[in-house]
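Chain naming here is simple, since letters A, B, ... match the order of the sequence lines and numbering starts at 1 in each. What you are looking at is a predicted structure, and each value in this text was computed from that prediction instead of being measured.
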2 protein chains.
Amino acid sequence: MAKRKPTIHEVAHLAKVGIGTVSRVLNNHPSVRPETRNRVLTAMANLGYSPNPHARRVAGGKSYTVSLVLPVASTEFYSRLLEGIEHILAEERYEIALFPILSPSRLERYLESRSLAYQTDGLLVSSQGLAHLLPNQKFPTERPVVLVDAYSPRYDSAFMDNRLGGQMAALHLAQFPGAMFAIQVQEELDEVLKNTVGQERIEGFREGLKKAGKSLPSSHVFVSRFSAEGGRLALQHFLRLSKPPFNIFAGADLLALGVLEEAERQGLKIGEEVRLLGFDGHPWTAAKGLSTLAQPIEEMGAEAARMLLERIRGYKGSPRARRFEPTLVVRSSTQTRSVYAD
Amino acid sequence: MAKRKPTIHEVAHLAKVGIGTVSRVLNNHPSVRPETRNRVLTAMANLGYSPNPHARRVAGGKSYTVSLVLPVASTEFYSRLLEGIEHILAEERYEIALFPILSPSRLERYLESRSLAYQTDGLLVSSQGLAHLLPNQKFPTERPVVLVDAYSPRYDSAFMDNRLGGQMAALHLAQFPGAMFAIQVQEELDEVLKNTVGQERIEGFREGLKKAGKSLPSSHVFVSRFSAEGGRLALQHFLRLSKPPFNIFAGADLLALGVLEEAERQGLKIGEEVRLLGFDGHPWTAAKGLSTLAQPIEEMGAEAARMLLERIRGYKGSPRARRFEPTLVVRSSTQTRSVYAD
DNA sequence: TTGTGGTTTGGAAGCGCTTTCTTTATGAAT
DNA sequence: ATTCATAAAGAAAGCGCTTCCAAACCACAA
């Protein structure tokens with residue numbers, strides 16, 4: 001009834017090769033003739049074979065698993081990041097052991113107990129302030145560490161140029177009449193996790209505006225948690241301060257969403273009375289006609305994964321920094337003539 | 001230099017027993033004399049031995065891994081839940097493969113790809129509406145499934161009696177003069193994830209109040225996302241409606257925290273003008289003097305883990321439901337005489 | 001043809017454990 | 001003391017894979 005999963009032996013038999021050859025095909029070893037490789041691949045397909053990762057690990061003496069440490073927050077951002085990382089890792093049949101930072105204070109103990117069990121080959125750490133914890137001897141730091149969406153000169157890092165993003169936002173919004181406003185994300189999970197991303201974006205925005213000869217009074221910056229609600233509150237706040245037209249740079253798409261909602265409630269015309277620019281480039285922004293700075297999140301994750309794999313495989317060079325740039329996507333929320341919207 | 005991890009053989013040698021015996025000690029097999037077991041345990045300790053989980057898996061033909069599906073939200077709640085689950089699982093040297101519901105729409109594909117790799121022995125699912133997805137054939141459902149913090153007649157479940165909690169809140173608050181208010185949590189990750197917890201608590205509260213001869217007009221219920229901010233908004237809203245003294249039942253400690261903050265800003269006296277009762281019983285409530293309904297979250301997680309292990313080991317009985325009850329913890333926020341606070 | 005060096009391939013050994021089978025010790029009953 | 005059932009322990013046979021080594025094969029030059 002419950003027929004056992006096929007093993008490498010069955011595949012070898014069917015393809016009329018030795019088990020060694022099958023293994024070599026599995027591991028993309030170069031010294032297999034294309035013709036042989038195809039025979040093996042066909043046999044695997046026919047049998048519905050998939051290799052047993054545990055056997056692989058015990059035989060290979062490696063874990064083929066990477067620890068991913070991130071402040072999972074049921075967020076589009078991490079969802080996409082994970083996707084990019086997973087994509088690369090899956091290609092090499094590596095697995096991910098997820099270490100959500102449920103609470104920074106518990107992280108260390110948690111990592112210790114669990115990563116011991118997993119004995120992972122490397123760490124992928126995605127957290128603004130968390131990098132400081134890493135040099136700490138308590139971490140399994142003999143293994144390679146790569147930072148995602150965070151920068152440190154001590155490690156390989158793949159990160160977004162948020163300041164540049166802010167500048168791009170400024171350049172774009174400066175062309176419109178009306179005052180400038182900004183909403184800054186400031187999420188504080190705990191003292192440890194200082195989120196500097198929001199800050200960088202606003203700083204860039206301010207710099208960009210200065211170049212364009214405009215200014216951003218600090219009263220025009222609303223600091224908010226990461227939620228649509230925050231966007232609504234921000235707009236309410238701005239309306240108390242002054243009158244449209246507004247040019248608002250929201251530090252995250254989700255905040256922009258809140259602004260959109262509130263603007264509708266207030267009967268303000270998006271693209272005219274309220275020009276709005278988000279940050280993230282999440283898929284749903286297209287449907288909402290929200291202009292945004294699209295972040296190549298998946299690529300960033302993928303690149304980090306690649307760097308980690310290289311380290312795992314023995315690469316010894318000095319820390320590499322891969323900087324990613326957002327792309328301006330203009331939609332109706334920053335265009336009066338809706339003809340141009342996509 | 002990099003001296004290899006000791007294996008079962010070294011332990012066997014040092015303890016002057018066979019490797020079989022060492023394995024039996026590892027697996028708590030009954031047929032080992034206490035004296036022998038001690039010798040083995042001592043040897044393991046001396047060598048700093050810890051078993052290789054991968055080898056165990058390939059030899060045993062099981063994965064000794066449990067999938068944990070939950071909407072990780074960097075929340076004290078999940079942190080504690082995980083702790084309870086992990087505690088039990090670690091005892092039996094089972095591991096956890098974490099499947100955060102980063103986005104319900106992506107969950108299925110994600111689970112499919114990753115759980116295939118992990119080939120886990122069972123599923124622990126913690127999500128209010130997610131249970132509906134499970135009977136779906138796409139899920140690895142031949143394996144046992146246990147629900148945590150959710151109930152379904154189809155599966156073993158460990159869940160909190162939120163309605164009872166609401167009633168307890170009512171009983172407690174009804175003794176005080178002043179109008180009743182409530183803040184209901186309503187988090188919507190996606191259409192799929194309908195959070196009914198908040199609703200149940202408020203329903204229980206309303207029922208309890210009715211029994212006590214008090215009422216809760218629906219205008220006195222503020223629906224909020226799960227954030228401290230929500231609590232602040234709620235109190236502002238209540239102040240617009242009426243005048244203190246207020247008796248507020250916050251559907252979650254975090255909301256209560258917001259109320260506390262806002263009350264301070266408004267100069268309202270907690271415990272007199274504003275009586276406040278939270279829900280969750282998180283550690284920090286003690287420091288804040290916040291009365292709360294403490295949930296035995298860890299125990300709930302632990303129980304779920306136990307049930308799952310039993311299923312994995314072959315238990316075939318019909319679905320079991322383990323109901324957990326919150327405990328009322330009275331502190332200064334619902335006591336005028338602060339002498340009684342802890 | 002024979003030889004040479006490189007490329008492909010088969011298969012055995014081994015990774016660290018579980019489990020079964022067997023042997024040996026234990027001890028209660030005769 | 002002897003027997004027999006039972007408990008405890010050892011040894012060996014895998015689990016499904018990687019890797020190493022040696023054998024087979026190949027193309028081309030001498």
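A distance-only check finds no donor-acceptor pair linking the side chain of Arg322(B) to the backbone of Ser157(B) [under 3.5 Å]. Judged by distance alone, with hydrogens and angles left aside, the side-chain atoms of Ser23(B) form no donor-acceptor pair with the main-chain N or O of Thr21(B) at under 3.5 Å. At least one donor-acceptor pair closer than 3.5 Å links the side chain of Arg57(B) to the backbone N or O of Ser63(B). Here the side chain of Arg154(A) pairs no donor or acceptor atom with the backbone of Pro319(A) at under 3.5 angstrom.
Taking five base pairs at each end of the helix from dT1(C)-dA30(D) to dT30(C)-dA1(D) and finding the rotation axis that steps the C1' atoms of four pairs onto the next four gives two axes whose angle is 50°, to the nearest 10°.
Remark: His87(B) engages Glu91(B) in a side chain to side chain contact (heavy atoms under 4.5 Å, CB included) (not counting sequence neighbours). Qualifying salt bridge (Lys or Arg N to Asp or Glu O under 4.0 Å) partners for Arg39(B), counting only residues two or more places apart in sequence or in other chains: Glu35(B). Checked against salt bridge (Lys or Arg N to Asp or Glu O under 4.0 Å), Arg33(A) has no partners two or more places apart in sequence or in another chain.
Here Asp161(B) pairs with Arg323(B) in a salt bridge; the nearest charged N to carboxylate O distance falls below 4.0 Å. Looking at Arg311(B) and Asp156(B), a side-chain N of the basic residue comes within less than 4.0 Å of a carboxylate O on the acidic one, giving a salt bridge. Classification of Glu303(B) and Arg320(B) as a salt-bridged pair fails, no side-chain N sitting under 4.0 Å from a carboxylate O.
Nearest-nucleotide assignment on DNA chain D puts the 5′-proximal partner with Ile19(B), out of Ile19(B) and Gly60(B). Position along DNA chain C of the nearest nucleotide to Arg56(B) versus Ala55(A) favours Ala55(A) as the more 5'-ward residue.
When side chains are defined from C-beta on, Ser126(B) counts as touching Tyr78(B), because their heavy atoms get closer than 4.5 Å.
Rounding to whole angstrom units, NE2 of residue His54(A) and P of dT18(D) are separated by 14 Å. A straight line from NE2 of His13(B) to P of dG16(C) spans 17 Å, rounded to a whole angstrom. Rounding to whole angstrom units, OH of residue Tyr64(A) and P of dC15(C) are separated by 15 Å. As rounded to whole Å, 13 Å separates atom C1' of dC15(D) from atom CD of Glu10(A).
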Hey, what are the protein-to-nucleotides 20-22 of chain D N/O distances that come in under 3.5 Å?
residue	atom	partner	partner atom	Å
dC20(D)	N4	Arg24(A)	NH1	3.1

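Look at Ser23(A) and you'll find a side-chain N or O under 4.0 angstrom from OP1 or OP2 of dT18(D). Listed pair Thr21(B) / dG10(D) meets the phosphate criterion, a side-chain N or O lying under 4.0 Å from OP1 or OP2.
Of all nucleotides listed (dT18(D), dC17(C), dG16(D)), dC17(C) comes nearest to the side chain of Thr7(B). Comparing dT19(D), dC15(C), dC17(D) by their nearest atom to the side chain of Val58(A) picks out dC15(C).
If you check residues 25-40 of chain A against DNA chain C, the residues with a heavy atom closer than 4.0 Å are Ser31(A), Val32(A), Arg33(A), Thr36(A), listed by number.
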